[in-house]
Undergrad: 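One structure, pasted below without further comment.
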2 protein chains.
Amino acid sequence: MDVGARLRMVRDRFGLSQRELAKRAGVTNGTISLIEQNRVSPSVSSLKKVLEGLPMTLAEFFTFDVEPQQQRAFYQADELPNLGNEQIQLLLVGTAHERRDIAILRERYEPGADTGPDMLFHEGQEGGVVITGEIEVTVNNETRVLGPGDSYYFDSKLPHRFRNIGDSVCEIVSASSPPTF
Amino acid sequence: MDVGARLRMVRDRFGLSQRELAKRAGVTNGTISLIEQNRVSPSVSSLKKVLEGLPMTLAEFFTFDVEPQQQRAFYQADELPNLGNEQIQLLLVGTAHERRDIAILRERYEPGADTGPDMLFHEGQEGGVVITGEIEVTVNNETRVLGPGDSYYFDSKLPHRFRNIGDSVCEIVSASSPPTF
DNA sequence: ACTTGTGGTTTAATATTCTTAACAACGATC
DNA sequence: GATCGTTGTTAAGAATATTAAACCACAAGT
C-alpha cells in the first residue's frame, strides 16, 4: 500500500481533517493533500512531523497493516504441525496464517530434552508460561527452574537455553515475535 | 537514533560501501553520503530505493532495534499483575519489560464470563491455546467451541468475542502483537 | 438566494533534495 | 615514492518537495 493511501487511512482513523492535522503537525494543508494523492514523496522529516500530529511513529506507520484478510481462525488439538523432533515437540498454532506476526507454540519437553549447550539467539522477543512439569531456563548467564504457572519473557538477542532436568514431561505455551524458524 | 546513523549502521552491517549500495539501489553515492551525515532528510521514495539495495523494508528500517538491554527474564506464578477483572482474569507475562513486542497473557474465564456482545477489534494479530475447560470463540461471524489443546489465531482487526458457556473455569494462554491495552 | 464555514484541491514561488563531477585521504602494488 | 583503486566528502545545477494563497464544492444557517 502506498504512502498516500496509508496516510489518508490513519488520518481518517484519527478523525482529523487535513487542516486540523496540518496545524497539529506544523505543516500546511496543501502538503498533506499532495502526499495523500501521491503527487509528491515526502521527505522523512516532513512525514515524521505529520505523524507526530496524530501521534504515530514512523515505525508504526510503515508497519501498519492494511488488508485484514479472512483466514482460518480455529485449530483442533491434533492438527498442529510439529516443528521440533521427538525430544522437543513444537506445535505451531495458526498454521494456515500467511503473514504471521507471532509464532505461538505448544512445546513439550521429554525428560532430559535440551536445546543444547551452544546458546540460541536471534531477533525479536519471546516469552512463555509453564503448564505442567519443570524446566531449567538459562538467559544471559542467569539460570532458573520454572514450574507450572511460572513464566519468562526476554529479548531473543540474549543467548538462551532450555533443559528439562526433571523426570516428567514439561509442557509450555510460548510466543515469539517476529517468528523465527 | 537519527536516520543517517541508522542507515550507516545497517549499511556497515551488510558490508557494503556507499558506492556499492548506491549502484544496487539506483542512486548516487553522494546521496547516501549526504543522508548518512544528516545533511539532508531523504524523501521516503529515495530512502525506499536505498533500502531496496540491501534489501530492507521501511518498516524494518524504522523498527530496527539497536541496544538489546539486559532485563528481568523470569516471573513466578503469583507475581503477574491482573489486567482484567474478577470474571476475566488477564495475567500479563513479563511485566518489567519496557519496549514490549508481544503481550502474553494467562487468561482465566469464570463460568459465564463474556467479553461482551459489542465485538472487539484492534491492530495486530493474536492467538492462544486452551489449557483447561471450554470456551466459545467468535471471529468474524464464525463461532466455535474450543477445548483443552485446541487453539486459535487471527487478525485482530476481525471482530471477535470470547464467552465461557460451560460450568467450569476455562484457562487460556494467549499472545497478541502488537500489545494493546 | 446569499452568506459563512468547512472540506479537499491546485498553482506559482520558494526551499530542499538529488545528481553530476569533482576533490582529498588512505592503502596496496609496483 | 609514484600510480592505481577505493574510500567518503563536497559544490553547483537540475529535479523535486513545501509553502502561501488561491480555488472549487458542499452543507448549514439566515
Side-chain angles (χ1 to χ4, degrees), chain A residues 1-68, chain B residues 1-68 121-123 157:
Chain A
M1 173 166 230
D2 56 57
V3 171
R6 260 176 138 78
L7 177 57
R8 176 153 294 176
M9 164 169 292
V10 300
R11 179 175 64 79
D12 284 343
R13 188 164 295 198
F14 278 83
L16 297 174
S17 69
Q18 291 183 346
R19 281 184 164 84
E20 286 169 339
L21 176 54
K23 189 172 185 180
R24 294 164 57 110
V27 301
T28 61
N29 60 311
T31 300
I32 294 179
S33 177
L34 294 172
I35 293 173
E36 291 189 346
Q37 299 170 79
N38 290 307
R39 305 257 302 259
V40 299
S41 176
S43 68
V44 342
S45 60
S46 76
L47 179 59
K48 183 156 179 283
K49 278 204 322 199
V50 169
L51 294 178
E52 279 167 357
L54 288 173
M56 173 176 270
T57 67
L58 286 163
E60 287 166 351
F61 180 74
F62 286 111
T63 307
F64 190 75
D65 242 1
V66 259
E67 59 287 15
Chain B
M1 174 169 231
D2 57 56
V3 172
R6 256 178 141 76
L7 177 57
R8 178 153 292 178
M9 165 170 292
V10 299
R11 180 174 63 78
D12 285 342
R13 188 165 295 199
F14 278 83
L16 297 175
S17 69
Q18 290 184 345
R19 280 185 164 83
E20 286 170 338
L21 175 55
K23 189 171 186 182
R24 294 164 58 111
V27 300
T28 61
N29 60 308
T31 301
I32 294 179
S33 177
L34 294 172
I35 293 173
E36 290 189 347
Q37 297 170 81
N38 290 308
R39 303 256 304 255
V40 299
S41 176
S43 69
V44 342
S45 60
S46 77
L47 179 58
K48 184 156 177 283
K49 280 206 319 201
V50 169
L51 293 178
E52 280 167 356
L54 288 174
M56 172 176 272
T57 68
L58 285 164
E60 287 166 351
F61 180 75
F62 286 110
T63 307
F64 190 75
D65 241 4
V66 257
E67 60 288 18
F121 54 96
H122 43 90
E123 278 303 305
K157 281 211 203 64

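In what follows, chains carry the letters A, B, and so on, assigned in the order in which the sequence lines appear, proteins first and then strands, with residues in each chain numbered from 1.
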Undergrad: Go nucleotide by nucleotide along DNA chain C from the 5' end; which of A:Gly30 and B:Ser45 gets its closest nucleotide reached first?
TA: A:Gly30

Undergrad: Taking only side-chain nitrogens and oxygens of B:Gln18, does any of them come within less than 4.0 Å of OP1 or OP2 of D:dT6?
TA: no

Undergrad: Would you kindly give the CG-to-C1' distance between A:Asn29 and C:dT9, to the nearest whole Å?
TA: 9 Å

Undergrad: Give a yes/no on whether any side-chain N or O of B:Ser43 is located under 4.0 angstrom from OP1 or OP2 of C:dT17.
TA: no

Undergrad: Considering every strand and a 4.0 Å limit on heavy-atom distances, what is the contact class for B:Val40: base, sugar-phosphate, or nothing?
TA: sugar-phosphate

Undergrad: Could you check how far CG of B:Asn38 sits from P of C:dT16, rounded to whole Å?
TA: 16 Å

Undergrad: Could you state the interatomic distance from CG (B:Leu21) to CG (B:Leu7), rounded to the nearest 0.5 Å?
TA: 6.5 Å

Undergrad: Side-chain N or O of B:Arg8 less than 4.0 angstrom from OP1 or OP2 on D:dT7?
TA: no

Undergrad: Taking atom C1' of D:dT10 as reference, at what distance in whole Å does atom CD of B:Glu36 sit?
TA: 15 Å

Undergrad: Return no unless some side-chain N or O of A:Arg11 is found under 4.0 Å from OP1 or OP2 of C:dG8.
TA: yes

Undergrad: What is the distance, rounded to the nearest whole Å, between atom CD of A:Gln37 and atom P of C:dT11?
TA: 11 Å

Undergrad: Round to a whole Å and report the spacing from CG of B:Leu34 to P of D:dA14.
TA: 18 Å

Undergrad: Got a salt bridge between A:Arg24 and A:Glu20, using NZ or NE/NH1/NH2 to carboxylate O under 4.0 Å?
TA: no

Undergrad: Kindly point out which of C:dT20, D:dT18, C:dG7 is positioned nearest to the side chain of A:Pro42?
TA: D:dT18

Undergrad: What closest approach, in Å, do B:Phe61 and B:Val10 show between heavy atoms, and which atom pair accounts for it?
TA: CE1-CG2, 4.3 Å

Undergrad: Would you say A:Ser46 reaches D:dT18's phosphate, i.e. side-chain N/O to OP1/OP2 under 4.0 Å?
TA: yes

Undergrad: For B:Arg19 and D:dG8, what is the distance between atoms CZ and C1' respectively, to the nearest whole Å?
TA: 7 Å

Undergrad: How close or far is atom P of D:dA17 from atom CG of A:Leu47, stated in whole angstroms?
TA: 13 Å

Undergrad: Mind calculating the distance between NZ (A:Lys49) and P (D:dA17) to the nearest angstrom?
TA: 16 Å

Undergrad: Please work out if A:Thr31 contacts a base, only the sugar-phosphate, or nothing of the nucleic acid, heavy-atom cut-off 4.0 Å.
TA: base

Undergrad: Is any side-chain N or O of A:Arg39 closer than 4.0 Å to OP1 or OP2 of C:dT10?
TA: yes

